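Encoded as structure tokens, the structure appears first; notes follow it.
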Amino acid sequence: MIRSGSLILSLTVLVLTLVGGTPRAEVSRIEITSRAPFADGAAFGDAGAYEKIRGRLHYAVDPYDVANVAVIDLEYAPREVEGRVHFSADFMLLMPADPAKGNHRLLYEVGNRGNVGMLAFFNDAPYTNDPSTKEDAGNGFLLDAGYSLLWSAWNWDVLPGNGRMQVDLPIATDDGKTITGKVSAEIVADVPSVSEPVAWGRSRGYETVDVDDPAAVLTVRPTQYAERQIIPRDQWQFARMKDDRPVPDPTHVYLPAGFQPGMIYELVYTAKDPRVVGLGLVAIRDAISFFRYADADNGGAANPLAGAGRPETAISFGISQSARVIQHILYEGLHVDEARRPVFDAAFIHMPGGGKGSFNHRFAQTTRHPSQHHDLQYPADFFPFATTPKTDPVTGQSGDVLARARASGHVPYLFYTSTETEYWGRSASLLHAGTEGVTDVPMDTKARLYFLAGAQHVPRTAPTRGIYRYCGNPVDYRPLLRGLLTKLDAWATAGEAPPDSVYPTLADGTLGTVEQYDAAFPDIPGVEAPAHNLKPPRLEFGPRYAAEGIIDNPPPGFGPVYETLVPLPDEDGNALGGVRLPEVALPLGTYVGWNQRAADAGAEGALARWSGSFFPFPPDEAAREESGDPRRSIAERYPTRTDYQDQTFVAARRLARDGFLLEQDVHLLVGKAGRLHRRLSGGVDMADCGYLAHW
């Protein structure tokens, strides 16, 4: 095997056809474009050196196989001579150079919009889509443990650039004829502009059939439920700015009067060439299946993990959008391949919020997701939500997200984790509190739910407010992810029971309405708690959506909302009912999962999509009395920094004892606690977020 740093350009290896009556592998070919030592051959724990392999997976999917029937528009995809649908996608694999030294676990990350995330989330590594150096491995946690790490592309609308992975999904046609249909595109600008894309989040949009189409309609409104005001057709164009002038573009809107920040603009137009978006879910399934099961001992010699590197356990991991992808895969039963094999034994579903997404319907826009001010029209938060059977009293629908998994006989072990932000902005309570928010719904016996109290969506805080009212939330929950992954692995591999679920409930009074939250939240000077959280509406898609995945009336009508709840606060404003890191259990301030748009960004007061807030306690009693802050001061709570660090050590050891933290992270948390105490005990100007830069 070649292990030098030189590229193995366009090395194409044909994959074996499985024999003995078993369906053929759905990855029909693997194209390796580079294979080299990772981090210059640096050794990681007992696993030793790693190598990085990049390339392209070529898929061949049987449109008539029962494993694929859930994919919308698959029957309209072009087929090759043998009757299969072909497409391809980028992949990257980090594996021990000596496969026998690995832990025989395959950890697959569903990339969030084409990006690599799990090294940053588990290894405290810098964000990069091309990890190459020892620094890119961060603290080395995943590699020291011997995991083989796999990524592959799945969502077609990710734009190229910055190393984002790409997939080429087929376009649906009607016997070769172009398919068209009405599409709605919401546009919310954060800064003034005159040209905006019809897609969101560095993604591709569907092209209009005609840039001069007189039937296309652009409207504007201040909030989701406000009346739409039509902008006359002669006051805008399908165009983008180039060299300070508009040029025709079928995926951009040019509005000379300008897009006002925070206002909701909505374009309804006739688009063409829908991709078979649901094949992206199949691409995930078949990538894992290939690297887990494909055999190199029968003449194929294609799978780098075959033989001594073959995984005994496969775990999938997803962050936010990609967590919802895993949930959607389970909902559709697409975690079982054409050979009827489960492709992953366990899934770490991190921050899915309400659960699924726009991942499998005609003209689906995968990057879209509902938030309190944005994108309520896109089918992401739809029934069912829970892991155990439940009935929606409004529609009469019954079911749960694991029904198809149970029917297949393969329900993986599941860890769900949510921060406080998902309860405010992504309807996380629907997973465990029903659609009316009046009763607790139990988790499936093979699922655990852990609420990371006091944390915001992403553990990364800029030392500036940006477009929001308040400074961000500095809670870094990544040590909890390392501890939980270790427990999930042990559950799936050795049957060792993990810690019981820890999350807020109606029964114990730690979960409630926004009104209850506001009544309990302390009256912190200069701080206004939100009046609303996300309550996604039941959407009215039209008669063909359920069976054919076609939205007949974009934008769909808004039906009754799902009632959603939030974790209630203690006397300091910190969330109850969850796993508390020492910095939240022994707070130096109020950590919340919400923030609000500032006046300059438009839509003042609307919830931030991902950002939380932090409000430090007064440093001493004199400052508390001067400000009128009802919360006890830092000096009153912790007489000295040493006292604070001692208490932090005890709290961290308790978390480790309970299975949420690794012993190796205890002193890490103690050191961080001391640095933050030193920064805050002297007092900070809450108008300046610079104190969040480092500690």
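Predicted, not measured: the structure shown is a model, and the values here were computed from it.
By the 4.0 Å N-to-carboxylate-O rule, E186 lies too far from R228 to be salt-bridged with it. Residues D168 and R275 are paired through a salt bridge, judged by an N-O separation under 4.0 Å between the basic side chain and the carboxylate. Salt bridge status for D65 with R84: absent, with no side-chain N to carboxylate O gap under 4.0 Å. A salt bridge links K535 and E563; the closest N-O separation between the charged side-chain nitrogens and carboxylate oxygens is under 4.0 Å. Classification of D552 and K182 as a salt-bridged pair fails, no side-chain N sitting under 4.0 Å from a carboxylate O. Note on D190 versus R597: salt bridge recorded, some NZ/NE/NH1/NH2 to OD/OE distance being below 4.0 Å.
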H252 vs R240, side-chain hydrogen bond (donor to acceptor under 3.5 Å, both in side chains): CA-CA, chis, key distance, verdict: CA-CA 6 Å; H252 282 69; R240 60 181 173 84; 5.2 Å; no
Stepwise ring pair (Phe, Tyr, Trp, His ring centres under 6.0 Å) check, F359 with W154: CA-CA 10 Å; F359 307 136; W154 64 273; 5.6 Å; yes
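Side-chain contact check for T223 and H373: no donor-acceptor pair (N or O, by modelled atom type) lies under 3.5 Å. Side-chain contact check for S289 and D337: at least one donor-acceptor pair (N or O, by modelled atom type) lies under 3.5 Å. Side chains of Q377 and Q224: no donor on one and acceptor on the other come within 3.5 Å. Between the side chains of T208 and D213, no donor N or O sits under 3.5 Å from an acceptor N or O. Side chain to side chain, E540 and N553 fail the donor-acceptor criterion of an N or O pair below 3.5 Å.
Each of R368, R324, R426 was checked for a salt bridge (charged side-chain N to carboxylate O under 4.0 Å, His left out) with D381, and the lone residue meeting it is R426. Of the candidates V325, L431, I326, V110, I326 is the only one forming a side chain to side chain contact (heavy atoms under 4.5 Å, CB included) with I349.
Ring centroids of F290 and F91 are separated by 6.0 Å or more, keeping the two rings apart. A distance below 6.0 Å separates the ring centres of Y265 and F259.
Using cut-offs of 30° and 60° on the angle between ring planes, the pair H335 and F344 is tilted. Ring pair F382/H328 is perpendicular by interplanar angle, where above 60° counts as perpendicular and below 30° as parallel. Under the 30°/60° scheme for interplanar angles, the aromatic rings of H457 and W610 are found to be tilted.
Scanning both residues, Q372 and L607, for their nearest heavy atoms gives OE1-N, 2.8 Å.
Looking at residues two or more places apart in sequence or on another chain, you find a salt bridge (charged side-chain N to carboxylate O under 4.0 Å, His left out) between R406 and D400, D444.
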